[in-house]
Participant: 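The structure follows.
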Amino acid sequence: MIRPVLILFSSFLCHVAIEGRTCPKPDELPFARVVPLKTSYAPGEEIVYSCLPGYGSRGGGRRFICPLTGLWPINTLRCIPRVCPFAGILDNGTVRYTTFEYPNTISFSCNTGFHLKGANSAKCTEEGKWSPDLPVCAPVTCPPPPIPKFAKLSVYKPLAGNSSLYGGKAVFECLPHHAVFGNDTITCTEHGNWTKLPECKEVKCPFPSRPDNGFVNYPAKQVLYYKDKATYGCHDTYALDGPEEVECSKFGNWSAQPHCKASCQLPVKRATVIYEGERVTIQDKFKNGMLHGQKISFFCKNKEKKCSYTEDAQCIDGTIEIPKCFKEHSAFAFWKTDASDVKPC
Ligand SMILES: *[C@@H]1O[C@H](CO)[C@@H](O)[C@H](O)[C@H]1NC(C)=O
Ligand SMILES: *[C@@H]1O[C@H](CO)[C@@H](O)[C@H](O)[C@H]1NC(C)=O
Ligand SMILES: *[C@@H]1O[C@H](CO)[C@@H](O)[C@H](O)[C@H]1NC(C)=O
Ligand SMILES: *[C@@H]1O[C@H](CO)[C@@H](O)[C@H](O)[C@H]1NC(C)=O
Ligand SMILES: *[C@@H]1O[C@H](CO)[C@@H](O)[C@H](O)[C@H]1NC(C)=O
């Protein structure tokens, strides 16, 4: 059983001795291929390394011949990726990249207010060129804005080509009798369109009604419109509760509804009070009564502590409540000290 194997082995050795040793499969080189690629080569056989597409060779030879020793010579060839031109800067934008080598892809984005003109990514090709071509960031522009019905532009400064840059503004004004609903100012957005347009609507107000004990004046017209005004007044001894002038609002009602309120007759004949921060006497200051809304402070005595304090009273539409602590002295009760002459608590 042993013999045939031995014979076979020794004949193999003889063969090698005469012919030289065979070379093994050549070393693998990153990003390169070998032609022809076999598991063994007879002495004298040639192999050629070539870098894969996208890789260039550096150092060392590319052709090797299997020597009689059966050992491939040391190979110092290297295949290194092609490098595409520098593309790390994009005006008004940013580039995301690791390296600019084959086969990497880099991507682009623009700053707010700019948009990409071109592709948002590029690949470094086998030829060492970017594909597709590098993009640029162009400023965002908006076309001239549409004008809402019943409106006109009051502020708009377009560029030379009639367009506006990102952030540009236009302001609308409604025609007379029309009120604006929405924002009268529109802005050129980063998408190259304008923010929502406002609406202008015709607004009418009803004729204002005359207040009891007073009067109202308004323009002698068939119809009262947005921003028309009316003025109110009251008859003697009545005071206006609300503004003197009202305006037709965008909601079709008046900005306020003033009323005429009655003045108060004071049930007190004599008293020193505080009115608008000053000491006054009722008999001088309010001999014709108090108007609606006016407020005074009465002096009261704290008997235990022998000091004075004040309490407020306000005329509300003909009624005033005198503080309970207030005591009116007869003009003849000269021996009594009025609360207003007692030191404050
Ligand atoms: C856009 O890029 C240009 C060129 O680098 C620069 O002059 C300009 O200031 C940039 N604009 C903005 C808004 O960043
Ligand atoms: C800009 O707009 C004005 C008025 O609408 C028009 O007369 C002018 O031709 C426009 N210019 C351009 C460059 O479109
Ligand atoms: C209207 O829009 C402008 C910008 O377009 C903004 O600054 C302003 O606050 C807006 N006004 C209102 C009342 O929303
Ligand atoms: C502007 O364009 C953006 C993106 O196309 C869209 O989402 C937005 O609704 C548009 N705005 C207006 C006011 O039309
Ligand atoms: C006018 O109408 C609007 C909307 O209905 C309402 O909010 C407002 O309070 C009204 N104003 C007055 C003074 O009544």
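Whatever order the structure lists them in is the order used to number ligands and atoms, beginning at 1. Every value quoted in this text rests on a predicted model; they were computed, and no experiment measured them.
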Participant: Rounded to the nearest 0.5 Å, what's the gap from SG on Cys79 to CG on Leu52? Could you check?
Facilitator: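 Interatomic distance, Cys79 SG to Leu52 CG, rounded to 0.5 Å: 7.0 Å.
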Participant: Under 3.5 Å, N or O to N or O, is Asn183 touching ligand 3 that way?
Facilitator: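 Yes: some nitrogen or oxygen of Asn183 is under 3.5 Å from one in ligand 3.
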Participant: If the cut-off is 4.0 Å to any non-hydrogen atom of Asn92, which atoms of ligand 1 fall inside it?
Facilitator: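 The atoms of ligand 1 under 4.0 Å from a heavy atom of Asn92 are 1 (C), 2 (O), 3 (C), 8 (C), 10 (C), 11 (N), 12 (C), 14 (O).
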Participant: Considering the heavy atoms of Ser255, write down every atom of ligand 5 situated less than 4.0 Å from one of them.
Facilitator: 13 (C)
Participant: Treating Arg279 as the side-chain partner and Ser340 as the backbone partner, does any N or O pair qualify as donor plus acceptor under 3.5 Å?
Facilitator: yes
Participant: Using heavy atoms and a 4.0 Å limit, tell me yes or no: is Thr195 in contact with ligand 3?
Facilitator: no
Participant: For ligand 3, which atoms have a heavy atom of Thr187 less than 4.0 angstrom away?
Facilitator: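 Near Thr187, the atoms of ligand 3 are 4 (C), 5 (O).
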Participant: Would you say atom 9 (O) of ligand 1 touches the protein, meaning some protein heavy atom is under 4.0 Å from it?
Facilitator: no
Participant: Have Thr99 and Asn104 got a donor and an acceptor in their side chains that come within less than 3.5 Å?
Facilitator: yes
Participant: Would a line drawn from the ring center of Tyr102 to the ring center of Tyr55 be shorter than 6.0 Å?
Facilitator: yes
Participant: Run the numbers on Asp338 and Lys301 for salt bridge (Lys or Arg N to Asp or Glu O under 4.0 Å), then give the verdict.
Facilitator: CA-CA 9 Å; Asp338 191 73; Lys301 260 191 218 165; over 6 Å; no
Participant: Taking atom 5 (O) of ligand 5 as the reference point, report whether a protein heavy atom occurs under 4.0 Å from it.
Facilitator: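 When distances to the protein are checked, atom 5 (O) of ligand 5 has no heavy atom within 4.0 Å.
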Participant: In terms of residue, atom name and distance, what is the protein heavy atom nearest to atom 14 (O) of ligand 5?
Facilitator: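 Result: Asn253 ND2, 3.6 Å.
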Participant: Determine if the distance from atom 2 (O) of ligand 5 to the closest protein heavy atom is below 4.0 Å.
Facilitator: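 Yes.
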Participant: Taking only heavy atoms of Trp254 into account, list the atoms of ligand 5 that are under 4.0 Å away from them.
Facilitator: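 Listed by number with element: 12 (C), 13 (C).
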Participant: Please check if the side chain of Trp254 supplies one atom and the backbone of Pro206 the other of a donor-acceptor pair under 3.5 Å.
Facilitator: yes
Participant: Are there more than 12 heavy atoms of other residues, nucleotides or ligands under 6.0 Å from atom OH of Tyr238?
Facilitator: no
Participant: Taking 4.0 angstrom as the limit and counting only heavy atoms of Thr185, give me the atoms of ligand 3 inside it, by number and element.
Facilitator: 2 (O), 5 (O)
Participant: When you measure from the centre of the six-membered ring of Phe181, is the NZ or CZ of Lys250 under 6.0 Å away and within 45° of the axis?
Facilitator: yes
Participant: With respect to Asp91, determine whether any N or O atom, backbone or side chain, lies less than 3.5 Å from an N or O atom of ligand 1.
Facilitator: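 Yes; the residue has a nitrogen or oxygen that sits under 3.5 Å from a nitrogen or oxygen of the ligand.
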